[in-house]
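Working notes, structure below.
The sequence lines fix the lettering, A, B, ..., with proteins before strands; numbering per chain opens at 1. In this text, all values refer to a predicted model and were calculated from it rather than measured experimentally.
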Amino acid sequence: MSEVDKRDLIILLKNIGELLEIKGESPFKSRAYYNASNMLENLNEDIGELIDEDRLKDLKGIGDALNKKITEFYKTGRLQYYEDLKQEFPESLLDILNVPGVGPKKVGILYKQLGIKTVGELEYACIENRLVELPGFGEKTQKKILEGINQYKKYQGRYLYSDAYGQAEVIIRYLGSLKQIEKLEIAGSLRRKKEIIGDIDILAASTDPIPVMDAFTKAEFVRDIIALGDTKSSIYTDMGMQVDLRVVKPEEYPYALQHFTGSKEHNVSLRHRAKEMGLKMNEYGLFKEDGSNVPVADEGELYKAVGLEFIPPEMREDMGEIEAAAEDKLPKLITEEDLKGIIHVHTVYSDGSCTIEDMACRARDLGYSYICITDHSQSAFYAGGLKPDDVFRQWKEIDELNKRGIGIKIFKGIESDILTDGSLDYPEEILKNFDLVIGSVHSNFGMPEHDMTARIVNALNNRYLSIFGHPTGRLLLSREGYDMDMEEVMEEAAKNNKVIEINASPYRLDMDWRLLKKGKDMGIKFAICPDAHNLQGLDDMKYGVGAARKGWLEKDDVINCMDVGSIFRS
DNA sequence: GCCGTTTTCGGCCCGACTGTTTTCAGTCG
């Protein structure tokens with residue numbers, strides 16, 4: 001099954017779960033579909049193969065019914081059950097679920113009683129005051145939904161990690177000045193370093209929560225208060241981000257930090273494990289059957305209490321980390337300190353805004369021992385790509401800087417366009433003299449999947465290509481990656497010993513962390529690259545490390561943790 | 001719809017806040 005079909009299947013199952021909730025079916029039935037969707041997303045096996053070998057039903061969460069449905073979808077490309085469901089409840093209802101404050105029950109009522117099928121129709125119905133008479137609705141609900149729609153339309157509630165982190169820092173600084181707060185930390189998806197953040201979760205410990213909540217909801221950055229309670233409050237910031245603050249007693253803090261860090265799926269699995277051990281787990285403690293609490297000083301002790309190694313927050317995505325922790329087989333995750341050098345940097349030679357020397361000195365000051373300059377190649381005319389003469393001029397400058405000695409070794413690289421036929425952008429006699437060649441797709445994004453795959457596979461067979469740059473070409477929250485068969489590309493990279501880039505720009509974070517573990521198991525090495533276009537861009541390395549950690553990578557999986565001899569040609 | 005060392009039925013993780021109720025359902029995390 002291709003990546004695209006797999007993606008479709010995962011969405012299909014999730015959609016069915018949501019439609020069943022709207023329909024009012026058993027919540028456990030819905031959950032079975034969500035579970036299956038989530039499980040398949042994290043599955044590192046080809047679903048088509050599993051079906052062909054009749055092994056699909058062996059997966060935990062797949063029974064007779066789902067086995068049949070998934071097989072039907074695989075064989076025919078559609079699912080009659082879903083088509084029937086859509087006749088009853090149009091697919092467009094699912095979009096309404098993205099409006100904060102509107103869940104499946106309300107969507108069901110709105111559809112059945114008012115025939116509302118889209119967010120636009122819902123907005124109009126609010127304005128016409130037609131929600132107030134519905135059962136379970138009222139004046140305030142209608143107003144809240146209208147506000148929710150504005151939020152939905154304006155921001156769609158999703159932010160880049162880097163933007164959310166910047167906002168969170170402001171809030172942490174503010175809350176940190178409150179004398180009632182004893183402990184304070186970012187939790188949620190932000191602590192797990194997800195590339196896209198829905199809202200910011202902050203946890204505080206205090207014996208006196210009321211003034212904390214008061215100060216929080218009255219802070220300068222607050223635009224609207226969504227909820228205000230003794231232990232939990234939510235606000236929208238002036239930037240439009242939702243922030244949840246949870247305040248617990250100091251003795252509850254480790255349990256709460258674990259709980260509010262999530263992910264939801266990780267916690268479900270963890271609580272399930274606790275329950276099997278006769279323990280009840282929630283944000284207030286870990287309780288034995290007699291109701292007594294198992295005391296812990298920190299998260300590490302909490303995981304230990306349920307028989308697990310400490311699981312770093314980045315790994316808590318229910319992708320097998322609990323099973324690995326139970327067997328003491330968690331990887332020793334890469335850290336920023338493991339990085340020795342910088343690869344993938346642009347300068348004034350192409351579309352960067354700083355000189356080679358400026359970039360190199362900054363990298364040196366950040367503690368790196370080498371930097372590899374990789375400007376754009378000649379076909380990238382929009383980015384000022386280097387003609388052969390420019391390349392020779394740049395090599396000369398690099399030689400001079402290295403000779404003079406500025407405290408960091410500079411390597412000569414290039415980010416070569418992968419042309420439409422898969423060839424690189426210079427003749428062999430130039431390519432062979434670079435220390436390192438990154439090959440990236442920058443044009444003709446719209447090629448059909450088969451052609452794009454062939455183009456990239458061709459490039460991966462070029463002996464001069466070292467690193468395959470930003471493999472999908474995605475721009476988070478704005479552009480989907482191009483169509484290609486990632487499975488085939490990864491196999492080709494593994495076969496040819498080609499490195500795959502983890503582009504550390506917070507706008508890209510490409511390759512996606514969800515695929516890293518699989519790549520690692522295939523024997524692929526990765527390069528964490530800032531794709532820096534100015535001095536600040538070099539700071540993006542930390543985002544790439546975050547993604548690598550989410551993908552279970554260790555320092556031995558990442559080439560810029562290795563000695564230069566194994567990376568560069570010269 | 002799934003699952004099983006309490007197995008083929010009766011469970012399925014847990015709690016805060018809000019609004020619409022008069023004891024609770026819905027939403028969210």
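- Residue whose closest nucleotide on DNA chain B sits further toward the 5' end, between A:Gln242 and A:Leu134: A:Leu134.
- Regarding the sugar-base torsion, B:dT7 falls in the syn class, its angle being within 90° of 0.
- The CD atom of A:Glu147 sits 16 Å away from the C1' atom of B:dT27 (whole-angstrom rounding).
- Within the structure, salt bridge (charged side-chain N to carboxylate O under 4.0 Å, His left out) pairs that include any residue of residues 6-19 of chain A comprise A:Arg7-A:Glu41, A:Lys14-A:Glu18 (at least two apart or interchain).
- The salt bridge (charged side-chain N to carboxylate O under 4.0 Å, His left out) contacts involving residues 172-189 of chain A comprise A:Glu185-A:Arg191, where partners must be two or more places apart or lie in separate chains.
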Side-chain polar contacts of residues 203-214 of chain A - donor-acceptor pairs under 3.5 angstrom, sequence neighbours left out - could you list them?
unit_1, atom_1, unit_2, atom_2, d
A:Ser206, OG, A:Gln180, O, 2.7
A:Ser206, OG, A:Asp208, N, 2.9
A:Ser206, OG, A:Asp208, O, 3.4
A:Asp214, OD1, A:Lys218, NZ, 2.8
A:Asp214, OD2, A:Lys218, NZ, 3.4

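- The CG atom of A:Asp244 sits 11 Å away from the P atom of B:dC28 (whole-angstrom rounding).
- For the segment residues 285-307 of chain A, no residue has any heavy atom less than 4.0 angstrom from an atom of DNA chain B.
- For the pair A:Met39/A:Ile62, a side-chain contact is recorded, criterion being any heavy-atom separation below 4.5 Å from C-beta on.
- Exactly one residue among A:Lys517, A:Lys332, A:Lys520 makes a salt bridge (charged side-chain N to carboxylate O under 4.0 Å, His left out) with A:Glu554. That residue is A:Lys520.
- Taking every heavy atom of residues 12-19 of chain A and every atom of DNA chain B, no pair lies under 4.0 Å.
- Sorted by residue number, the members of residues 100-107 of chain A with any non-hydrogen atom under 4.0 Å from DNA chain B read A:Pro100, A:Gly101, A:Val102, A:Gly103, A:Pro104, A:Lys105, A:Lys106.
- Within the structure, ring pair (Phe, Tyr, Trp, His ring centres under 6.0 Å) pairs that include any residue of residues 18-67 of chain A do not occur (at least two apart or interchain).
- Residue A:Glu139 is classed as a sugar-phosphate contact, given heavy-atom separations below 4.0 Å to backbone atoms only.
- To the nearest angstrom, P of B:dC28 lies 11 Å from CG of A:Asp199.
- Sorted by first and then second residue, the ring pair (Phe, Tyr, Trp, His ring centres under 6.0 Å) pairs with a member in residues 56-93 of chain A read A:Phe89-A:Tyr111; sequence neighbours excluded.
- When the salt bridge (charged side-chain N to carboxylate O under 4.0 Å, His left out) test is applied to A:Lys29, the partners found at least two apart in sequence or on another chain are A:Glu25.
- Backbone-only engagement by A:Leu228 is indicated by non-hydrogen atom pairs under 4.0 Å involving sugar-phosphate atoms exclusively.
- Where A:Thr231 and A:Gln142 each meet DNA chain B at their nearest nucleotide, the meeting point lying more 5' is that of A:Thr231.
- One interatomic measurement links the two molecules: NZ of A:Lys140 to C1' of B:dC17, which rounds to 12 Å at whole-angstrom precision.
- Residue pairs meeting the salt bridge (charged side-chain N to carboxylate O under 4.0 Å, His left out) criterion with at least one member in residues 269-286 of chain A, sequence neighbours excluded, are A:Arg246-A:Glu283.
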What does the B/S/- profile of nucleotides 2-15 of chain B look like, 5' to 3', with a 4.0 Å heavy-atom cutoff to protein? SS--------BBSS
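- The CG atom of A:Leu203 sits 16 Å away from the P atom of B:dG29 (whole-angstrom rounding).
- The partner of B:dT8, taking Watson-Crick or G-U wobble pairs whose two distances both stay under 3.5 Å, does not exist in any strand shown.
- Residue A:Lys143 is out of contact with every strand shown, counting any heavy-atom pair closer than 4.0 Å.
- Taking atom CZ of residue A:Phe137 and atom C1' of nucleotide B:dT27, one finds them 12 Å apart after rounding to whole Å.
- The separation between A:Leu110 atom CG and B:dG26 atom P is 13 Å, rounded to whole Å.
- Taking the side-chain hydrogen bond (donor to acceptor under 3.5 Å, both in side chains) definition, one finds that A:Glu317 meets it with A:Arg192, A:Lys550, sequence neighbours left out.
- In the model, A:Asn98 has a side-chain atom that pairs as donor or acceptor with a side-chain atom of A:Asp95 under 3.5 Å.
- Under the 3.5 Å distance criterion, the side-chain polar atoms of A:Glu314 are left unmatched by any main-chain donor or acceptor of A:Lys193.
- With rounding to whole Å, A:Leu20 atom CG is found 9 Å from B:dG1 atom C1'.
- Rounded to the nearest 0.5 Å, atoms OH (A:Tyr543) and CZ (A:Arg508) are 16.0 Å apart.
- The residues A:Glu195 and A:Arg514 are annotated as salt-bridged, a charged nitrogen and a carboxylate oxygen being separated by less than 4.0 angstrom.
- Between B:dT20 and A:Thr141, a contact under 4.0 Å exists linking OP1 or OP2 to a side-chain N or O.
- In this structure, A:Phe260 reaches neither bases nor backbone, as no heavy-atom distance under 4.0 Å exists between it and the strands shown.
- There is a side-chain donor-acceptor pair under 3.5 Å between A:Asp84 and A:Gln80.
- Residue contacts for A:Val99: at a heavy-atom cut-off of 4.0 Å it reaches the sugar-phosphate backbone alone, with no base atom in range.
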